[in-house]
Amino acid sequence: MRMNLRKLTLICGVLVLLWLVVSYSSLLQISKNIGNKNNVQELENKLEKLQYKMAEELTDSNKLLEKVKQQLKNSEEKSQQVFNDIDMEQNIGSPILPVLVIACDRVTVKRCLDNLVKFRPSKETFPIIISQDCGHNATYQVIKSFTDVDPTITVVRQPDLTEIPLPRVKVKFRGYYKIARHFRFALNHVLVALGHEAVIIVEDDLDISPDFFEYFLGAYPLLHKDPSIWCISAWNDNGKKDLIDLSRPELLHRTDFFPGLGWMLRRKTWLQLEPKWPQAFFDDWLRNPENTQGRACIRPEISRTYSFGKVGVSKGLFFDMHLRYMHLNEDFVEFTKLDLSYLMKHNYDANLSSLVYALPETSAERAAAGAGGEPATRVPYSNAKTYQKAAKKLGLMDDFRSGIPRTAYNGIVSCHIKGRRVYLAPNYEWTKYDPTWG
Ligand code: UD1
Ligand code: MN
């Protein structure tokens, strides 16, 4: 320490001496110059130049400072963007997806709730919210037996139980008016009042598959990543055993036909739909591309729900003809670990049409009989009539909504018959659905 101090004093002394010598010699120089008038002029010029140079340098450094400031601002904005992206990823990666159970007057809601509780992998990720219409007390007591023992299961009651005034011809559809009114209330409750980002809707007469929750969790990011998808559904409208590939439980499809029966949508979409929500037949309303801006849903090859509601608003006929034969998936597919990017519009559309139109053509009869050795075939149709004829032969549902056949995507209906993939596809350049069909 002492040594350093001495060194420092020595250095300082030398520096002061040096400064004295330099100043003295420059003073000498100046006094010499003063002696000469011409030299004064020269000195002034030099000074002026120096001044000019300094001013120039100052503007340069100001410019540099501005540049640095801008860079800083840019990188700040960039890192903000990165944070936003991460934030979004995190919300997608670990979302809260409430399950909304639509109940009315069936005490069998117990069967539905038992399964939801049984297969629910996380109470935090999937809170259960039961919305009860109809004011049926026995059903309310069943619901209460669940909410009383688990705070992540809650109930809300649709408050408007007034009769909906209807003209005589529409009285027989009263149930559908009540259902639409109830859905509007329940979706507003979950997505607006409670402010959830998305919701999974389950009707009180649905069974679910063991991987029901995993399916929705895995498919949920698609609702963020692909703006052409507005809903994820657990249902395949042609989900009978003879029409699906039981060896492909992981397979998913796009569809233009809203399947319903266990489905998910985002608040963002609900806020677009809500102002025009219909008085009745909301499911058919959602099948009109005008209401969903022509966007698609995702549906599984093998259904993740099964409807056991023989006694209901549609009075059992549909149940006996179709619903009872629907196959509920039994395997557990780890959807959250799968790459689902094949379902994004930019991948899916071109792949589907190039695949389908490269396939050999066959008749509905031959396809239904499993004739021919090809691993996949295409059955052509040219209008509503030929579509329905072929669909009937193949055992597919042959009805239309807003001109869309059930499960169709870009006019193509995909199914699996006698061990091979069959596509029912237009034999003309398809551009859009024709609402006069059906
Ligand atoms: C059919 C559809 C159903 C759709 C409904 C709307 C099938 C198998 N079912 O109903 O997905 O939502 O049309 O058009 O395609 N409910 C009320 N209030 C009522 C009556 C019923 O909230 O006054 C509830 C029920 O609890 C149930 C849902 O509405 O959750 C559907 O009722 P349901 O009796 O099952 O009618 P479906 O004929 O199946
Ligand atoms: Mn039902």
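Start at 1 and go down the list; that is how both ligands and their atoms are numbered.
- We find that Asp399 and Arg401 are joined by a salt bridge, their nearest charged nitrogen and carboxylate oxygen being less than 4.0 Å apart.
- Salt bridge Glu330/Arg304: absent, no basic N to carboxylate O contact under 4.0 Å.
- Using modelled atom types and a 3.5 Å distance limit, the side chains of Arg254 and Ser228 yield a donor-acceptor pair.
- Classification of Asp226 and Lys345 as a salt-bridged pair fails, no side-chain N sitting under 4.0 Å from a carboxylate O.
- Using a 30° and 60° split on the angle between ring planes, Tyr381 and Tyr428 fall in the perpendicular class, above 60°.
- Under 4.0 Å from any atom of ligand 1, one finds heavy atoms of residues Ile102, Ala103, Cys104, Arg106, Asp133, Cys134, Tyr176, Lys178, Ile179, His182, Glu203, Asp204, Asp205, Leu261, Phe282, Asp283, Gly312, Val313, Ser314, Leu323.
- Between His189 and Phe185, the ring-plane angle classifies as parallel under the 30° and 60° cut-offs.
- With contacts defined as side-chain heavy-atom distances shorter than 4.5 Å, the pair Lys123/Arg120 qualifies.
- Phe183 pairs in a ring pair (Phe, Tyr, Trp, His ring centres under 6.0 Å) with only one of the listed residues (Trp285, Phe282, Tyr176), which is Phe282.
- Each protein N, O or S atom less than 2.8 Å from the Mn ion (ligand 2) was counted, giving 1.
- Both tests pass for Arg111 against the ring of Phe308: distance under 6.0 Å to the centre and angle within 45° of the axis.
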